[in-house]
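Proteins come first, then strands; the chains are lettered A, B, ... in the order of their sequence lines, and each starts at number 1.
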Number of protein chains: 2
Amino acid sequence: MARGRPPAHTVDQVVAAAIGIADTEGLGAVTMRRIAQQIGAGAMSLYTYVPDKDRLVDLMVDRVGGTRTLVVLTGDWRTDLLAVAASQRSLMLAHRWLPAALPNRRLTGRNMLAYLEEGLAALEPTGLSGAVKLEIIALVTGLVATFVTAELAGSAPVPEQVALIGEAVATGDFPQLASVLAEGGQGAEPDFDRLAAWTITGLVTQALDS
Amino acid sequence: MARGRPPAHTVDQVVAAAIGIADTEGLGAVTMRRIAQQIGAGAMSLYTYVPDKDRLVDLMVDRVGGTRTLVVLTGDWRTDLLAVAASQRSLMLAHRWLPAALPNRRLTGRNMLAYLEEGLAALEPTGLSGAVKLEIIALVTGLVATFVTAELAGSAPVPEQVALIGEAVATGDFPQLASVLAEGGQGAEPDFDRLAAWTITGLVTQALDS
DNA sequence: CTATTTCTGGTACGACGTACGAGAATTGCG
DNA sequence: CGCAATTCTCGTACGTCGTACCAGAAATAG
């Protein structure tokens, strides 16, 4: 068995290389040629392991999903769903490209399915329908991505922007903005856990009420 | 005055053409050559009106922002902030590319500043610091984008995915997922207003408590 | 008229994803 | 052993993108 020329690499090597590049240089630096160079192969050889780049990103997402801390369920849906969200947040902080990569993904990987499974299990005590549970999970994932994106962006205003904004404010058309700029205070980091607790429990409570 | 060859177009024409393409064919179809063709110009002529494509997208975002329904403030921050969010949601539904275009934008346009101004005014009665107010506005914008994205995605599972998921489920490793698939019911559309009310109010309440 | 300024758009370059196909490396069969 | 069948490798090449460059066109100022 195992006829034909033996593969010089593996799918996992390809995906791992891609993740490494994304982690250190951002998602934009992940190109077929760059990955190939990383593992010492020709660009076209990658297509032996992966049908196209879009699927490769799917695999990247699923693979980092495998490193997520699994949640031990308590049976209280509030606690459990928040734990799932917190676990997902850690993952996104470890791989900053993840929030940007998530949109338009196919959820076919086993680790993504495991994530769904975990969320469904957490929501089991609510007695909600499966479809609603899935919708809640999608929303929670989106909310976490939003929070993490805000967290990562921090408040780093580019000088160019400050100049333009200052100019616009000088016209007097934006009094609120003017006084905020005059304040100039640094924004305290919002507490993810508390924000998540409120928004996520709110989500589920709404579903239960309707 | 007005020396030199007169411009054959205007920035507004360029931006409007780009928005038209994005509205009908998606953000991916917006390319310099395509826009140029649309207004009957050479691709390179666009660079007379816009420094580069990234700034053009900034201008697109700001221009559609100008069509947003302005909110009449009541003085109650809950009502007013939710009204701002609802107005932003309508905008995103009218321009489905907006949620995808929003990340990494420069907030230099007057309409974006007007949006911030409106949000700040809505939050004025809370007495929160300017920095925190801005952070809340950013989060609200992100939440609305998340909800709209979920809304637009609907539940349209691709057959290919269903097959792969069914296969994985058949292993018995995902019991929750299995029973959801067996259910097969269609998910009721989540009610944006109620979700927004809960999550956004929660956001501000948290800020007030800390 | 001429010099100056400004906009136009063809050509071209270096990225990108990837189709194609010749060559290399392996196994199975005679 | 030789030879077909199979499978992976990767150089070349095409069509796309954003956009640098620059010669030419069209206007005004003197």
Side-chain angles (χ1 to χ4, degrees), chain A residues 1-61 63 97 100-101 103-106 160, chain B residues 1-61 63 97 100-101 103-106 160:
Chain A
M1 53 168 70
R3 312 201 351 165
R5 181 173 179 170
H9 311 277
T10 65
V11 186
D12 241 53
Q13 277 174 38
V14 172
V15 177
I19 292 172
I21 295 167
D23 282 346
T24 59
E25 304 172 50
L27 201 55
V30 177
T31 69
M32 300 309 264
R33 289 172 231 263
R34 180 84 181 70
I35 299 166
Q37 177 205 333
Q38 192 78 15
I39 65 177
M44 291 314 293
S45 300
L46 301 185
Y47 289 91
T48 305
Y49 307 100
V50 152
D52 57 34
K53 196 192 173 184
D54 201 50
R55 308 307 180 98
L56 172 60
V57 179
D58 284 346
L59 293 176
M60 289 173 66
V61 171
R63 191 179 206 269
W97 48 271
N104 305 319
R105 284 304 122 213
R106 276 164 287 279
E160 174 213 8
Chain B
M1 52 169 65
R3 314 205 343 167
R5 181 173 180 169
H9 311 276
T10 65
V11 186
D12 240 52
Q13 275 175 38
V14 172
V15 176
I19 292 172
I21 295 167
D23 282 345
T24 59
E25 304 172 48
L27 201 54
V30 176
T31 69
M32 300 309 264
R33 289 173 234 260
R34 181 85 181 69
I35 299 166
Q37 177 206 330
Q38 192 77 17
I39 64 176
M44 292 314 294
S45 299
L46 301 185
Y47 289 93
T48 304
Y49 307 99
V50 151
D52 57 35
K53 195 193 173 181
D54 201 50
R55 307 308 180 99
L56 172 60
V57 179
D58 285 347
L59 292 177
M60 290 172 65
V61 171
R63 191 177 206 270
W97 48 272
N104 305 319
R105 285 300 123 215
R106 275 163 288 279
E160 174 211 10

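- Within the 4.0 angstrom heavy-atom criterion, only backbone atoms of the sugar-phosphate kind lie near A/G42; the bases stay farther away.
- Comparing atom distances between the B/R5 side chain and each of C/dT18, D/dT19, D/dA26 picks out D/dA26 as nearest.
- Here B/S45 does not reach the OP1 or OP2 of C/dC7: none of its side-chain N or O atoms lies under 4.0 Å away.
- At whole-Å resolution of the value, CG in B/L27 and P in D/dC17 are 13 Å apart.
- Residue B/G40 is the one, among A/V30 and B/G40, whose nearest nucleotide of DNA chain C lies closer to the 5' end (criterion: closest heavy atom).
- Ionic pairing of A/D54 and A/R105 is present here: one or more N-O contacts between side-chain nitrogen and carboxylate oxygen are shorter than 4.0 angstrom.
- Proximity note for B/T31 (side chain, C-beta onward) versus D/dC21, C/dT18, D/dG18: the nearest is D/dG18.
- Summarising the geometry, the separation between CD1 on B/I35 and C1' on C/dG9 is reported as 16 Å, rounded to the nearest angstrom.
- Scanning both residues, B/Q38 and B/A17, for their nearest heavy atoms gives CG-CB, 4.1 Å.
- Between A/Y49 and D/dT9, a side-chain N or O to OP1/OP2 separation shorter than 4.0 Å is present.
- Counting non-hydrogen atoms under 4.0 angstrom, B/A41 reaches the backbone sugars and phosphates but no base.
- For the pair A/H9 NE2 and D/dC8 P, the interatomic distance rounds to 13 Å; values are reported in whole Å.
- Between A/R63 and A/D12, some side-chain heavy-atom pair lies under the 4.5 Å cut-off.
- Side-chain polar atoms of B/Q37 and B/R33 form no donor-acceptor pair below 3.5 angstrom.
- When all heavy atoms of B/I39 and B/Q13 are compared, the pair lying nearest together is CG2-O, 4.1 Å.
- Along DNA chain D, the nucleotide nearest to B/R34 and the one nearest to B/R3 differ in position, and the one closer to the 5' end is contacted by B/R34.
- Looking only at distances, no side-chain donor or acceptor of A/Y49 sits under 3.5 Å from a matching main-chain atom of A/V14.
- C/dA19 atom C1' lies 7 Å from atom CE of A/M44, rounded to whole Å.
- Taking atom CZ on A/R33 and atom P on C/dA15, their separation rounds to 9 Å, with Å as the unit.
- Protein atom CG of A/L56 is 10 Å distant from nucleotide atom P of C/dT18, rounded to whole Å.
- Residue A/A8 is in sugar-phosphate contact alone, with no base atom involved, counting any heavy-atom pair closer than 4.0 Å across all strands shown.
- At whole-Å resolution of the value, CG in A/L46 and P in D/dG11 are 12 Å apart.
- Overall bending of the helix from C/dC1-D/dG30 to C/dG30-D/dC1, expressed as the angle between end axes built from five pairs apiece, is 30° (10° steps).
- Distance CG (B/D52) to P (D/dC17): 17 Å, rounded to an integer number of Å.
- Across all non-hydrogen atoms, the minimal contact from B/A29 to B/R34 is O-CG, 3.5 Å.
- The minimum heavy-atom distance linking B/M32 with B/L46 is given by the pair O-CD1, 3.2 Å.
- Remark: B/T48 is in phosphate contact with C/dT8, judged by side-chain N or O atoms under 4.0 Å from OP1 or OP2.
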